[in-house]
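One structure below.
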There are 2 protein chains.
Amino acid sequence: MTTTSTTPQPTAASTSTGATGNTSAKPAVSSSSSSASITNVAALANVSTATVSRVLSGKRAKDDDIARRVRAAAEELNYSVNYAASALRSDVTNTIGLIIPSATDPLSAQLLDELEPLTDVDSQQLLLGIGATQEKQEERIESLIARNVDGLIIVTAPGAELAATLERHARQIPIVQVGGRQRSFRTSMVSIDDNAAMEMSVRHLAESGVRSVAYLANHDMSFESAELFAMFHTQVRSYALYTDRAWNQFGEKTVQRGFHCTMRLFGDALDRSGRDDLYRLRPEALICCDDTVAFGAMVALDALGLAVPGDVRIIGYGDSPLALTTMPPLTSVRPPVKQIVAEALRLIAAGPAAPAHITLPPQLVARGSTGD
Amino acid sequence: MTTTSTTPQPTAASTSTGATGNTSAKPAVSSSSSSASITNVAALANVSTATVSRVLSGKRAKDDDIARRVRAAAEELNYSVNYAASALRSDVTNTIGLIIPSATDPLSAQLLDELEPLTDVDSQQLLLGIGATQEKQEERIESLIARNVDGLIIVTAPGAELAATLERHARQIPIVQVGGRQRSFRTSMVSIDDNAAMEMSVRHLAESGVRSVAYLANHDMSFESAELFAMFHTQVRSYALYTDRAWNQFGEKTVQRGFHCTMRLFGDALDRSGRDDLYRLRPEALICCDDTVAFGAMVALDALGLAVPGDVRIIGYGDSPLALTTMPPLTSVRPPVKQIVAEALRLIAAGPAAPAHITLPPQLVARGSTGD
DNA sequence: TTGTAGGCGTTATCAC
DNA sequence: GTGATAACGCCTACAA
């Protein structure tokens with residue numbers, strides 16, 4: 001079939017061929033060269049470029065002989081659309097912008113790994129911007145918008161206020177913020193319900209018979225931290241657990257911080273063990289803002305001769321690969337990365353006119369550090 | 001100055017204006033709308049679109065009155081080029097493709113964080129592909145090539161053989177492989193000199209007075225692992241250290257693996273301490289293929305009551321943030337990420353005609369785990 | 001349903 | 001050095 005179509009035809013084929021680079025008197029396409037254009041496919045399939053365009057972009061109902069001929073021709077010429085030309089004409093770039101604070105940020109990395117395969121099946125591509133400060137993130141937003149991305153997903157850097165910048169573009173393209181505080185009813189937002197995580201954590205501990213608990217909180221200059229800190233106290237009260245003002249402190253998300261906090265927390269109360277009210281002198285459980293902190297805490301407890309989960313139960317956050325490798329394995333809060341990505345893509349597909357705010361609950365993965 | 005140019009001019013300005021969307025009898029550009037086109041700028045600056053293009057793309061020597069007028073007009077209209085149109089005409093997309101096995105791979109993440117800011121200053125953008133297998137990486141290569149990226153950087157997945165796929169495109173665009181084995185003289189390659197790292201590590205240990213050493217090697221289905229294993233033995237011999245066939249094993253890059261290997265390695269030899277030839281029964285130092293492995297080893301040694309660096313010295317690989325937070329801090333091999341990125345961008349700028357193979361030495365960062 | 005033709009915004013080429 | 005003009009490859013009214 002395809003061989004017969006090489007015969008020159010007086011109608012569409014010849015005209016199209018005349019419009020190509022053939023004016024330079026060379027065959028426009030060498031057998032497997034990289035760039036065949038739509039006119040070559042049209043000529044080979046003996047149809048017009050319009051038909052080729054319609055068939056290949058799926059804007060044509062039937063799957064008749066013509067459609068098959070076009071696809072065969074495209075395949076034979078190893079044709080793929082020129083995205084630049086396509087974008088120029090149709091204002092759709094098949095490109096999604098993603099802005100993250102850093103690739104070494106665990107949540108961002110997980111999002112990347114989940115997001116990329118999904119965009120690929122849509123034959124879309126990810127345009128990446130990295131910025132850890134408000135200023136850099138704003139720069140990247142402008143850069144990606146200037147590239148005419150079809151949608152923008154932003155993992156807000158801690159403390160960044162992007163609402164003003166985003167609102168300027170929210171009418172043009174769909175924007176989805178992941179995390180972050182300020183809400184705008186022009187942009188979409190998908191966030192993790194950390195309050196729910198806190199509720200799950202405290203409940204899990206209460207149900208396991210713990211009487212007192214401490215919270216090694218995160219200090220990242222954001223209001224969420226403070227809100228979560230309050231939520232901790234609310235939940236502790238509601239489950240009738242004990243806590244102490246001095247136990248609960250803000251700090252970094254590092255192993256070292258977990259170690260030092262824990263040493264301070266338990267070191268003083270060691271020689272009083274055996275007392276009836278021991279649970280009021282030192283916590284029977286730790287809730288940590290990050291797995292690394294929990295890890296440091298476990299090392300410290302080990303050094304102090306306290307057993308996990310026997311003497312102290314521990315809950316981390318992030319469900320990093322680390323959590324599986326500790327001894328015992330670490331109970332941790334797993335962020336709903338898959339759902340976040342799915343919702344973000346759905347909102348982008350829905351377009352800029354339908355912003356929504358979605359909050360997704362994480363999952364508490366119970367492991368050895370809170371019981372056997 | 002800019003105000004005077006609003007006067008209609010019979011020459012260029014009027015013609016250009018006629019060519020724009022003004023045929024619809026509306027002002028084409030509202031004051032701060034997103035999309036002003038080159039014709040608007042030309043009209044406002046009272047020059048031709050060709051001149052605007054030349055000025056803004058820097059293909060014009062002088063910085064005279066015309067140039068300033070053009071820039072002022074572009075600024076006033078908030079103009080930025082349409083990348084699609086530019087790419088269509090000039091075949092330059094100002095886009096670099098990056099393919100990595102996973103964003104959670106530490107080296108890839110570090111590369112991303114270093115690379116993105118550098119591409120941005122060139123007003124280029126990163127198009128990201130993720131693929132952990134040979135097949136997926138090949139898919140992503142084809143996708144990005146189809147997008148007409150100006151260059152391609154690939155962090156080869158362990159065990160992937162991309163030479164055949166890459167050679168097909170190596171004439172069209174510059175390709176830089178980071179790591180990986182198979183070399184092609186058509187594509188560029190930037191790799192880490194892990195043999196040098198091994199040499200540094202063994203020498204560092206020898207100089208600190210260690211008499212025997214074990215190697216917890218990486219098993220990732222690649223030939224590099226085997227080569228490095230051989231290099232370890234060569235170096236051990238050349239520095240007259242002792243090692244034992246049973247000590248050195250391939251395995252995963254996890255905390256758990258480091259823990260178990262170390263328990264096995266030292267557990268049996270514990271009760272023999274005090275013997276003269278103790279250093280032949282258990283190693284006085286560990287070289288680990290990864291910081292996580294080293295970390296597991298440290299936990300195990302702690303559990304066994306052996307001191308670091310007193311009884312055993314430890315060297316990790318990767319210089320992850322973790323390395324700073326262990327107690328004592330971990331001596332580790334730092335991959336030359338900055339140099340890798342710089343070389344990769346340089347090779348891409350040089351074009352497809354000048355492939356090169358570059359090997360960069362890492363840096364041994366000495367910390368507490370190998371001495372005080 | 002199919003083909004024709006015009007134009008998307010930019011840059012390369014050519015005259016001047 | 002500048003301006004007019006012709007592509008770049010594709011999509012999509014519109015006409016057939």
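In this structure, the side chains of L162(A) and Q137(A) come closer than 4.5 Å at one or more pairs of heavy atoms. Using a 4.5 Å heavy-atom cutoff, the side chains of V155(B) and P101(B) are in contact. When side chains are defined from C-beta on, D150(A) counts as touching V92(A), because their heavy atoms get closer than 4.5 Å. Looking at heavy atoms from C-beta onward, T95(A) lies out of side-chain contact with Y83(A) at the 4.5 angstrom threshold. Residues L112(B) and L112(A) have side chains in contact (heavy-atom distance under 4.5 Å, counting atoms from C-beta outward).
In this entry the distance linking CG of L56(B) with P of dT11(C) reads 8 Å, nearest Å. Nucleotide dG7(C) holds its C1' atom 13 Å from the CG atom of N82(B), rounded to whole Å. Atom C1' of nucleotide dT1(C) and atom CD1 of I66(A) are separated by 8 Å, given to the nearest angstrom. If you measure from atom CG of D65(B) to atom C1' of dT2(D), you get 15 Å, rounded to the nearest angstrom. Between the CG atom of D91(B) and the P atom of dC10(D) there is a distance of 12 Å, rounded to whole Å. The distance between atom CD1 of I38(B) and atom P of dG9(C), rounded to the nearest whole Å, is 11 Å. Following rounding to the nearest Å, N94(A) (CG) and dC11(D) (C1') show an atom-to-atom distance of 13 Å.
Here the shortest heavy-atom pairing between A146(A) and S80(B) reads CB-OG, 4.2 Å.
Without hydrogens or angle criteria, Q177(A) side chain to M189(A) main chain gives no donor-acceptor distance under 3.5 Å. Remark: the backbone N or O of A67(B) is paired with a side-chain donor or acceptor of D64(B) at under 3.5 angstrom. With hydrogens and angles ignored, the 3.5 Å screen pairs a side-chain donor or acceptor of H357(B) with a backbone N or O of T187(B).
Mapped onto DNA chain C by nearest heavy atom, L88(B) and D64(A) fall at different nucleotides, with D64(A) at the one closer to the 5' end.
Each end of the helix from dT1(C)-dA16(D) to dC16(C)-dG1(D) gets its own axis, taken as the rotation carrying the C1' atoms of four end pairs onto the next four within a five-pair window, and the two axes meet at 30° to the nearest 10 degrees.
For dT11(C), one of the phosphate oxygens OP1 or OP2 lies less than 4.0 angstrom from a side-chain nitrogen or oxygen of S86(B). In this structure, Y83(A) does not reach the dC8(D) phosphate: none of its side-chain N or O atoms is under 4.0 Å from OP1 or OP2. When the side-chain nitrogen and oxygen atoms of S48(A) are compared with OP1 and OP2 of dT2(C), none of them lie within a distance under 4.0 Å.
Of the candidate nucleotides dG3(C), dG3(D), dG9(C), dG3(C) has the atom lying nearest to any side-chain atom of V47(A). Each of dT10(C), dT4(C), dT2(D) was ranked by its minimum atom distance to the side chain of R60(B); first place goes to dT2(D). Taking only side-chain atoms of T51(A), from C-beta outward, the nucleotide of dT10(C), dG3(C), dG3(D) with the closest atom is dG3(C).
Side-chain contact check for D113(B) and S102(A): at least one donor-acceptor pair (N or O, by modelled atom type) lies under 3.5 Å.
The stretch residues 142-152 of chain B has no heavy atom under 4.0 Å from DNA chain D, so no residue of it qualifies as close.
A salt bridge is absent between E139(A) and K136(A); no separation between the charged side-chain nitrogens and carboxylate oxygens falls under 4.0 Å. Comment: R168(A) does not engage E138(A) in a salt bridge, judged by the lack of any side-chain N to carboxylate O separation of less than 4.0 angstrom.
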Please write out each protein N/O paired with an N/O of nucleotides 12-16 of chain C under 3.5 Å, distance rounded to 0.1 Å.
residue: dA12(C); atom: OP2; partner: K59(B); partner atom: NZ; Å: 3.4
residue: dA12(C); atom: O4'; partner: R89(B); partner atom: NH2; Å: 3.2

